[in-house]
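Note that the coordinates shown come from a computational prediction; the quantities given were computed from them, not determined experimentally.
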Protein chains: 2
Amino acid sequence: MSNKSKLTLAKLAQLAGVSTSTASRALNNNPLIKKATRERLQQLAQENNFSLNRAASRLRTQKTHVIAVILNFINDTDQSISDPFLLKVVSDVNQELNKHGYELLLSNSLMASDDWGNYFINSSRADGLIIIGQGKNDEKINTAAKSGAPLVVWGDPMVTSSYPIIGSDNNYGGYLATEHLIKGGCKHILFLGDPEHAEMGQRHKGYTHALNENDLDIEHQLTVSIDITSKAAYEKINQLILEQGLFFDGIVAASDMVALGALKALKERYINIPNDVAIVGFDDIAMAELFHPALTTIRQDTALAAKLMVEQLIKQFNQQAVKSQTIDIKLINRNSSRTI
Amino acid sequence: MSNKSKLTLAKLAQLAGVSTSTASRALNNNPLIKKATRERLQQLAQENNFSLNRAASRLRTQKTHVIAVILNFINDTDQSISDPFLLKVVSDVNQELNKHGYELLLSNSLMASDDWGNYFINSSRADGLIIIGQGKNDEKINTAAKSGAPLVVWGDPMVTSSYPIIGSDNNYGGYLATEHLIKGGCKHILFLGDPEHAEMGQRHKGYTHALNENDLDIEHQLTVSIDITSKAAYEKINQLILEQGLFFDGIVAASDMVALGALKALKERYINIPNDVAIVGFDDIAMAELFHPALTTIRQDTALAAKLMVEQLIKQFNQQAVKSQTIDIKLINRNSSRTI
DNA sequence: TTGAAAGCGTTACCAA
DNA sequence: TTGGTAACGCTTTCAA
């Protein structure tokens with residue numbers, strides 16, 4: 001390493017025999033500067049291991065090119081931070097942000113501040129927010145939106161809001177899953193999940209709708225409200241069977257993790273899947289097909305979700321109109337349900 | 001919202017009737033300032049929704065309080081970005097960084113720059129690097145270290161390096177897994193993974209060691225080199241059985257994902273786990289116990305790993321000596337292996 | 001096509 | 001215990 005003090009744009013410019021302005025423009029590839037000059041400076045920068053100081057340029061331009069991604073969980077007992085589906089969303093968002101020249105600052109709702117707009121935006125930590133999950137409570141999101149923070153939410157796009165929400169067609173997903181079980185001959189179908197939660201509520205609506213449409217006696221069906229974790233599902237299924245016997249022959253799970261918890265409980269009791277009980281999950285996490293039997297599930301298109309979220313966020317930076325958007329889902333038919 | 005222009009420290013100070021210096025110190029909770037003044041200013045800031053501009057303070061202090069976490073994968077066919085174990089590490093690192101007042105900038109090795117030190121550190125994007133995974137090639141890490149970037153790596157701590165590496169006792173892990181299978185009566189034990197990869201190489205060493213120690217004929221054992229994904233494991237096991245029949249009765253998998261892929265292939269062929277073939281995984285991902293049979297595995301302590309990594313990184317900021325550290329592992333005995 | 005200079009919002013030195 | 005002031009390193013307006 002050299003014994004010189006840290007290289008700055010001014011020194012680099014000096015080295016090249018041009019002004020700082022020219023150097024700045026050259027490194028930012030500004031077409032105002034002659035192409036030869038630009039290339040010369042860019043190479044010089046590389047040779048000298050020089051990188052523009054982002055703290056300085058952010059201060060000057062008032063743009064950070066950073067997006068804060070907030071994993072919005074209520075607490076650890078809720079949908080766990082280790083749910084592979086949510087992490088897949090983060091990963092896809094990261095790819096998409098990179099594509100647009102943005103970087104990802106990862107945060108979670110357990111974080112210090114309660115005022116996201118203030119903490120991230122006013123402080124110039126980030127230009128915008130991508131919030132993963134509405135949870136059961138969108139107060140913090142509303143506060144951030146009201147403060148003028150550019151943001152987009154992954155959640156239930158049916159909810160009326162002042163900010164764009166991107167999410168799957170959960171209602172139709174719940175419908176598809178339930179209808180699939182009915183067509184496979186299920187008569188007593190459990191809904192396993194938390195209908196209080198916005199997205200899960202929509203899935204539950206679809207479930208109810210499918211039951212109605214098929215003249216299945218709703219009263220004989222059962223909505224079982226649990227935390228959206230495999231552990232909760234496992235315990236609930238065990239408890240249910242212990243107390244009431246095997247009174248159901250199908251399960252619509254609010255997520256794959258929930259489905260897998262239920263699956264485990266059933267298999268431990270030597271209940272045949274899908275003949276005694278058929279199961280449909282939601283999400284299509286990578287592991288869904290590794291299970292035995294492989295899990296039938298409703299696939300959510302996370303890559304498209306990431307694309308739309310970043311799109312809606314960037315539109316806000318450009319003062320363009322934004323809107324919530326619903327993403328199509330599809331049923332992935334595997335072996336945890338009976339073929340029709 | 002007010003119609004005033006953006007609030008700055010200077011304006012806030014004016015509002016409070018103190019100098020900017022005092023306001024700055026007060027908001028940074030500098031004990032030089034009288035407690036009453038500090039509290040008054042902190043409250044005023046809150047009331048006015050004011051947050052110090054980080055771009056400015058980072059420029060001034062030359063510290064960002066940001067750590068870049070780099071998921072260092074060679075490409076998509078390698079250990080996938082969706083491996084729950086790695087994501088768990090990221091999540092734990094995030095918690096730990098927050099505890100120390102740092103924020104996490106998430107990146108992956110597919111990212112623009114090849115020179116991490118230059119890209120993240122020289123540019124004031126981050127103060128340090130946490131690199132998850134050595135991969136098979138540590139050139140980029142060496143370059144970054146040589147450029148003086150403070151960094152710490154999650155990988156194989158046995159590797160000699162100029163930077164601290166935190167990792168599990170992989171050798172002992174491989175040994176434990178293998179010994180466990182041997183004690184359970186396995187005679188022909190497969191190692192499923194990529195020994196070229198630093199950590200997996202250590203696990204393989206432990207495997208060999210255990211075989212030797214128990215006078216098992218090494219030549220009858222088999223090291224099967226595959227990508228560390230469940231898909232590769234699934235395909236390889238199928239191919240092996242198709243070509244050579246069931247010539248093994250135990251599998252030491254280099255990761256849980258690999259184990260689960262193998263498990264699927266075996267179950268599809270109605271091979272009894274653990275009686276016909278016993279399996280031990282590595283990592284103890286959350287899903288390991290959801291499988292049927294639940295996966296016996298070597299647990300890595302990611303929370304401790306996160307703690308040590310952040311510790312070693314912060315030591316570098318304070319010019320303190322750093323060192324690689326090995327984390328103890330333990331065998332989690334479940335049903336994919338025979339009880340001893 | 002290039003250069004001079006002001007200014008982004010902090011922090012910290014020095015002085016009081 | 002507080003205040004004045006320079007400086008952090010860049011971008012951009014205005015002028016040449």
Salt-bridge contact A:Lys315-A:Glu311 (side-chain N to carboxylate O under 4.0 Å)
no

Atom CZ of B:Arg54 and atom C1' of D:dG9 are separated, to the nearest Å, by 19 Å

Is A:Leu59 touching bases, backbone alone, or none of the nucleic acid, heavy atoms closer than 4.0 Å?
base

Contacts to DNA chain D from residues 22-37 of chain A, heavy-atom cutoff under 4.0 Å, which residues?
A:Ser24, A:Arg25, A:Asn28

With B:Met309 as partner, the option from B:Val153, B:Leu97, B:Val89 fulfilling side-chain contact (heavy atoms from CB on, under 4.5 Å) is B:Val89

Rounded to 10°, the angle between the first-five-pair and last-five-pair axes of the helix from C:dT1-D:dA16 to C:dA16-D:dT1 is 30°

Just to be sure I understand the rule, does A:Ser21 reach a base, reach only the sugar-phosphate, or reach nothing, if contact means heavy atoms closer than 4.0 Å?
base

NA contact type, B:Ser57, heavy-atom cut-off 4.0 Å: base, sugar-phosphate, or nothing?
sugar-phosphate

Does atom CD of A:Gln43 have more than 12 heavy-atom neighbours from other groups under 6.0 Å away?
no

For A:Leu9 and C:dC8, give me the distance from atom CG to atom C1', rounded to whole Å.
16 Å

Six-ring centre of B:Phe317, B:Lys63 cation under 6.0 angstrom, axis tolerance 45°
yes

hbond_proxy B:Arg60 side chain to C:dT10 base (donor-acceptor, 3.5 Å cutoff)
no

Among A:Leu105, A:Leu129, A:Ile141, whose side-chain contact (heavy atoms from CB on, under 4.5 Å) with A:Ile70 holds?
A:Leu129

Is there a side-chain contact between A:Gln62 and the phosphate of C:dG9, meaning an N or O under 4.0 Å from OP1 or OP2?
yes

